[in-house]
Student: 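Provided herewith is a single structure, encoded as structure tokens, for subsequent inquiry.
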Amino acid sequence: MFGKMLDFKQDGQRVTVTFVEKEVMISVYTSTIWNVFVSMDGSIQESNAIEGNKMLDTAVKVEQIEDHLEISTDQVTAKIYDDCKIDFYDGAGNLKCEDYRGERKYQSILSQEMIDLAKQEGHDLGMREDFHYKIEVVKSVCADECFYGLGDKTGFLNKRGYDYEMWNTDNPMPHEDNFKVLYKSIPFFMSQSSRGTYGIFFDNSYHSYFDMAKENDAYCFFGADEGNLDYYYFGADGFKEIIKDYTYLTGRTPLPQLWTLGYQQSRWGYVTENDVREVASKMREFRIPCDVIHLDIDYMQGYRVFTWNKDRYKDPKQTISDLAKDGFKIVTIIDPGVKKDEDYYIYQEGVEHDYFAKTPKGEIYENVVWPGTSVYPDFGQRRVQEWWSDKHKFLVDMGVRGIWNDMNEPASFEGELPPEVVFHDHDKETTHAKIHNVYGHLMCQATYEGMRKYDKRRPFVITRACYSGTQKYSTAWTGDNHSLWSHLRMAIPQLCNLGLSGMNYVGTDIGGFGSDTTKELLCRWIQVGIFSPLCRNHAAAVRKQEPWQFDTETADIYRKYVELRYQLIPYLYDLFKETQSTGLPMIRPLILEYPEDAAARQLNDEFMFGSSILAAPVVEQGQTARMVYLPEGTWVDYHTGETILGPIRFIKDAPLDICPIYLKAGSIIPNYTVQNYIGEKEQSTLILQVIKGNGTYYHYQDDGESFAYENGVYNEYKFTITDQGLFTAEMTASGYKNRYKKLKVVYENREVLIDILEGDHWSVLL
Ligand code: MIG
């Protein structure tokens, strides 16, 4: 493609290699993070995913060896050949990731006659006529290679054999395995094979394409028709290290406020103040713990963002403060579409200051969303983001505690925004084609900054559209799923792959958004939902699916699992703490914890919650028993206390109220007592579920709300257990004055209370 290699020039950690056709810049960010960049459209390298200078001082060696150039750090060597073929090796010289040398070719070619026939019936043969992308990187694939990541795509955990695209899309049809796009564009994937592991991040925000050995078993490729060739290679050993590197580059989920980990109730259709108050009182009446109620578009004045409907709420501030007394926090939806209305302040300000996207002719671009004819803020201009941030003061002053960003693909009812609509990117004029996939990301950034400025606590933002790096600003939900068993099944690999892609504060609409849920489906969904970092029941206006809408049994099962969630809050918070320093997800496919276990590679219906808890939920209608796989090690059945030795496959009885859950030997799992909402009861005794075995666990404690932890205002406790039952506790940080008074250690049906008010080191033989 680029011709013969002519020359190279080293400038510190950047090496520019000149080929007949192009100049290729290879940059070493760290010894395991490398970038390959070729300006294809004449523009400079710029990213919406990566902020600040991420290059760390790294020793780089460059050598011309016969037919190739060798660039090395202590952990990665790249060999570069004519035509810009690049092969990556590890520090020991093992080939990890190799550019494919042949031509791309469909593995199974049909005769022209058959193609014509199939087309007559409207079949999509998945073959591109023009075949090659302008930007195209093809990597060879081994027989046993599996692929993971790619954000929120449908289908299964292992992406091998499928192809996807990146183009944020709001498609209300039930998302099936053959969907190429959903709401998010996270162009990052990881590969595992007998060669080891590697990761790739293709930082190109235009419509892009990923083929994971579908077209041909011998290779995978990624490509785009516009923008630059700009990809990162991650050469660290193992997925955990690669995720750490990827999230070092694109950012990590910051520590959230503790209450955001609580249960959240939502529905499109809580129209009036009374509707909201009723939901709140029902949650308490049914004793189902709940921290958050979401207000969908109904609360606004004619769907005008940053307004409140006066007919539906007598005094919204009062309503919110009444609910707050009972522990409820209110999150309001905000869409990007601004109603075209000369009498509406947001529209007026936007027109006056020129904040909206334009047609190529220079008129404000219009499309239709909920408020009718609407216009789109141009978030690629810093001043527009700042304006939008400031608008959140209105909501914060009302007492709103979090913002739910919807429709930010951006969605539009009258056809997709044409590619040539004029937006900005990094304040430079560009087109919708380039900004589309980062539009939601930029909106989240503005929202985060607004909440940080006015609310001052750790911002809580939820988004539907994302790009790589959105995890720095927002949590996400998987958009409009349906109340279908296939969507409950899909939730597991989908959340796992989002987590592997750096986006780990995520959840699905529990119960399903579209279509109609059943009692059984709702019960099974909450059993998955409590392990989703974001735990929210949400539905379309068509059906009421709050837990009490069915029967007592449903409410009881629902309560049992939401209570379990509330018990596990300190454990979940510890996982968030871990995420902040490593990028590792809370909800994990088994492959992440057991990379050597072949059985884990394709496991779609089980997952880990951190490294101590394994959940094997029932995701099939009518099933009351299921096959469970436990990897190597000793496990304890959460419900029965029975000890099981893995690796093993067995059938577990799982009637409607049982979600099979297993705890790993040597685990120490912190628990709180159940409460109606987080903070209702002072948790002065920390409960520790200790599972026989050898283990160490760090527990983190802070005020759960402010940024004081950044200045050392937190406690950290180190707990250990030995096989002989010796339990020790130690304070490894004690900057937060409000420490626990007691530890209640629960071990093999025994309970031991340890007073920890005095001193900083305690031990007990259990
Ligand atoms: O076109 O605000 O995904 O959660 O309830 C529908 C109404 C617009 C889509 C969101 C959904 C929300 C709904 N919204």
Side-chain angles (χ1 to χ4, degrees), residues 152 154 168-175 179 181-184 264-272 275-276 279 292-309 312 330-339 367-374 376 395 400 402-417 439-440 443-444 447 460-466 470 474-484 487 490-491 494 498 506-517 525 529 532 534-546:
D152 68 339
T154 58
N168 292 354
T169 303
D170 171 25
N171 183 342
M173 294 302 287
H175 308 146
F179 267 50
V181 291
L182 279 180
Y183 307 90
K184 299 166 183 61
Q264 320 201 2
Q265 183 62 52
S266 182
R267 177 158 49 79
W268 182 7
Y270 298 157
V271 176
T272 65
D275 293 342
V276 182
V279 172
V292 190
I293 298 177
H294 289 248
L295 303 187
D296 207 321
I297 50 176
D298 323 274
Y299 79 93
M300 293 182 262
Q301 190 73 49
Y303 307 131
R304 290 170 186 81
V305 288
F306 306 112
T307 67
W308 211 292
N309 193 307
R312 296 173 176 181
I330 295 294
V331 170
T332 50
I333 199 167
I334 287 289
D335 292 352
V338 169
K339 184 178 176 68
N367 202 310
V368 173
V369 272
W370 292 112
T373 303
S374 298
Y376 292 81
L395 295 168
V400 167
I403 304 294
W404 166 18
N405 283 340
D406 187 21
M407 305 287 277
N408 51 355
E409 292 71 33
S412 46
F413 295 166
E414 296 207 325
E416 193 166 272
L417 278 65
Y439 190 78
M443 181 189 185
C444 289
T447 307
F460 183 50
V461 184
I462 303 167
T463 185
R464 198 168 69 176
C466 291
T470 304
S474 186
T475 74
W477 93 106
T478 54
D480 296 346
N481 60 3
H482 281 249
S483 302
L484 298 172
H487 279 190
M490 184 176 80
Q494 193 177 27
L498 273 163
V506 289
T508 59
D509 281 349
I510 294 169
F513 175 76
S515 310
D516 207 352
T517 199
W525 212 310
S532 311
L534 183 70
C535 178
R536 183 183 74 158
N537 174 327
H538 179 58
V542 293
R543 115 86 69 204
K544 294 187 174 177
Q545 66 181 28
E546 293 82 11

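Counting convention: from 1, in listed order, for ligands and their atoms alike. What's counted below: heavy atoms across the whole structure, side chains too, no hydrogens, waters or symmetry copies. Start at 1 with the first residue, then count along the sequence.
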Student: Verify whether the ring centers belonging to Tyr183 and His175 lie closer than 6.0 Å.
Tutor: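 Yes - the distance between ring centres of Tyr183 and His175 falls below the 6.0 Å cut-off.
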Student: Looking only at distances, please establish whether an N/O atom of ligand 1 is found under 3.5 Å from an N/O atom of Asp480.
Tutor: yes
Student: Ignoring hydrogens and angles, tell me if any N or O in the side chain of Asn537 forms a donor-acceptor pair with the backbone of Gln545 under 3.5 Å.
Tutor: yes
Student: Check each atom of ligand 1 against the heavy atoms of Ile333 and keep those under 4.0 Å away; list them by number with element.
Tutor: 2 (O)
Student: Under the criterion side-chain hydrogen bond (donor to acceptor under 3.5 Å, both in side chains), which of Thr463, Asp335, Asp170 is the partner of Asn408?
Tutor: Thr463
Student: Any atoms of ligand 1 less than 4.0 Å from a non-hydrogen atom of Met407? List them with their elements.
Tutor: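 Listed by number with element, the hits are 1 (O), 8 (C).
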Student: Using side-chain contact (heavy atoms from CB on, under 4.5 Å) as the criterion, point out the one residue from Thr332, Val331, Val271 that pairs with Leu295.
Tutor: Thr332
Student: So is Asp406 polar-close to ligand 1, meaning N/O to N/O under 3.5 Å?
Tutor: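 Yes, Asp406 has an N/O under 3.5 Å of an N/O on ligand 1.
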Student: Among all protein heavy atoms, pick the one closest to atom 5 (O) of ligand 1 and tell me residue, atom and distance.
Tutor: Asp296 OD2, 2.4 Å
Student: Short N/O distance, under 3.5 Å, between Asp509 and ligand 1?
Tutor: no
Student: Does an N or O anywhere in His538 fall below 3.5 Å from an N or O of ligand 1?
Tutor: yes
Student: Under 4.0 Å from a heavy atom of Trp404: give me the atoms of ligand 1 that qualify, with their elements.
Tutor: 4 (O)
Student: Taking only non-hydrogen atoms of Phe413, do any sit less than 4.0 angstrom from ligand 1?
Tutor: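 False for this residue.
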Student: Taking Asp152's backbone N and O only, do any of them form a donor-acceptor pair with Lys184's side chain (distance below 3.5 Å, no angle check)?
Tutor: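 Pair absent, no side-chain N/O of Lys184 close to backbone of Asp152.
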Student: Below 4.0 angstrom from a heavy atom of Trp370, which ligand 1 atoms are there? Numbered from 1 as shown, please.
Tutor: 1 (O), 6 (C), 8 (C)
Student: Would you mind listing which atoms of ligand 1 come within a distance below 4.0 Å of any non-hydrogen atom of Arg464?
Tutor: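 Listed by number with element: 3 (O), 9 (C), 10 (C).
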Student: Using modelled atom types only, decide if a donor and an acceptor are shared between the side chain of Asn367 and the backbone of Gly415 within a distance under 3.5 Å.
Tutor: yes
Student: Is the centre of the His538 ring less than 6.0 Å from the centre of the Trp404 ring?
Tutor: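 Yes, ring centres under 6.0 Å apart.
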Student: Which of the atoms of ligand 1 are close to Trp477, meaning less than 4.0 Å from one of its heavy atoms?
Tutor: 3 (O), 4 (O), 10 (C)
Student: Using the side-chain contact (heavy atoms from CB on, under 4.5 Å) rule, take Leu534 and Gln264 through it: C-alpha gap first, then chi angles, then the decisive distance, then the call.
Tutor: CA-CA 8 Å; Leu534 183 70; Gln264 320 201 2; 3.9 Å; yes
